[in-house]
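Right, one structure below, let's go through it.
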Number of protein chains: 2
Amino acid sequence: MSRVIHNRIAMFRADAGLSRRDLADAVGVNPQTIGFLERGDYKPSLELALSIAEVFGVSVELVFSFEPFPSLSQQLAKGRE
Amino acid sequence: MSRVIHNRIAMFRADAGLSRRDLADAVGVNPQTIGFLERGDYKPSLELALSIAEVFGVSVELVFSFEPFPSLSQQLAKGRE
DNA sequence: ATTGAGTGTTGCGTTAACATAGCAATTTGC
DNA sequence: GCAAATTGCTATGTTAACGCAACACTCAAT
């Protein structure tokens with residue numbers, strides 16, 4: 001069991017106008033931890049993933065996935081906004 | 001950051017007619033690990049949570065939640081089946 | 001009566017998800 | 001110009017999520 005997990009933390013964070021420190025404070029972790037997650041250096045615990053999704057007000061699957069996320073430009077071009 | 005995470009693994013597993021070994025094999029972990037999760041002895045990684053939800057064909061939030069799940073009898077009584 | 005499947009639990013070892021500190025590079029505001 | 005905020009990266013330490021082995025218990029089937 002070792003699968004790659006893709007995430008859109010940076011995208012949701014930028015959209016919400018939050019810095020890493022802001023998000024880190026909101027979920028109660030170290031700011032570096034957010035950086036490690038965004039870069040894919042390591043995978044979050046379920047607890048942290050649920051907390052992050054909660055802050056953004058979306059489901060876990062919208063932020064984390066085994067499948068790579070399409071680029072924002074691709075997705076908007078499809079009219080799914 | 002340390003919140004309790006409730007889960008309905010046992011319920012979904014029973015509904016699917018799977019033993020712990022079956023589920024463990026399906027997601028690629030040790031059978032004891034499933035037992036530990038069901039009892040709440042420890043919380044799963046996001047990777048494991050996504051895999052389990054994938055096996056059951058439901059979203060992560062339907063299996064894992066910060067809020068306790070209502071009993072099955074309660075939920076069926078509400079007519080939400 | 002006994003075999004096997006499912007489960008509950010304990011113990012020990014490994015690994016990775018965290019915390020924390022530190023420093024350089026870049027950007028933004030004053 | 002300088003200072004503060006944000007980010008990128010490295011290093012070290014702790015803790016908990018795992019793997020794995022072992023054993024007891026219950027229950028269904030033969």
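Below, read A as the first sequence line, B as the second, and so on, with proteins coming before strands; counting in each chain starts at 1.
Relative ring orientation between A:F56 and A:F12 is described as parallel, the plane-to-plane angle staying below 30° on a 0-90° scale split at 30° and 60°.
For A:R3 (side chain) and A:F66 (main-chain N/O), no donor-acceptor pair under 3.5 Å exists by modelled atom type. In this structure, the side chain of B:E61 does not engage the main chain of A:S59 through any donor-acceptor pair within 3.5 Å. Side chain of A:E47 to main chain of B:K43: no donor-acceptor pair is present (N/O by atom type, distance under 3.5 Å, no hydrogens or angles).
Heavy atoms of other residues, nucleotides or ligands lying less than 6.0 angstrom from CZ of B:R21 number 12 at most.
The distance from atom CG of A:L23 to atom P of C:dC18 is 13 Å, rounded to the nearest whole Å. Rounded to whole angstrom, the span from the OH atom of A:Y42 across to the C1' atom of C:dC18 amounts to 6 Å. In this structure, B:D25 atom CG and D:dC20 atom P are separated by 12 Å, rounded to whole Å. For B:I34 and C:dG6, the CD1 to P distance is 14 Å, given to the nearest whole Å. One interatomic measurement links the two molecules: CZ of B:F64 to C1' of D:dA17, which rounds to 13 Å at whole-angstrom precision. Distance A:K43 NZ to C:dC18 P: 12 Å, rounded to the nearest Å.
Among the protein residues, B:P31 comes within range of no part of the nucleic acid, since none of its heavy atoms lies under 4.0 Å from any strand.
Between B:T33 and D:dA17 there is no side-chain N or O to OP1 or OP2 distance below 4.0 Å.
For the helix from C:dA1-D:dT30 to C:dC30-D:dG1, the axis fitted to the five pairs at one end and the axis fitted to the five pairs at the other end meet at an angle of 40° (nearest 10 degrees).
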**Prompt:** What string of B, S and - do you get for nucleotides 7-15 of chain D, 5' to 3', when a contact is any protein heavy atom under 4.0 Å?
**Reply:** SSBB-----
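Looking only at atom types and distance, the side chain of A:D22 has a donor-acceptor partner in the side chain of A:S19 under 3.5 Å away.
Against DNA chain D, the stretch residues 45-60 of chain A makes no heavy-atom approach under 4.0 Å.
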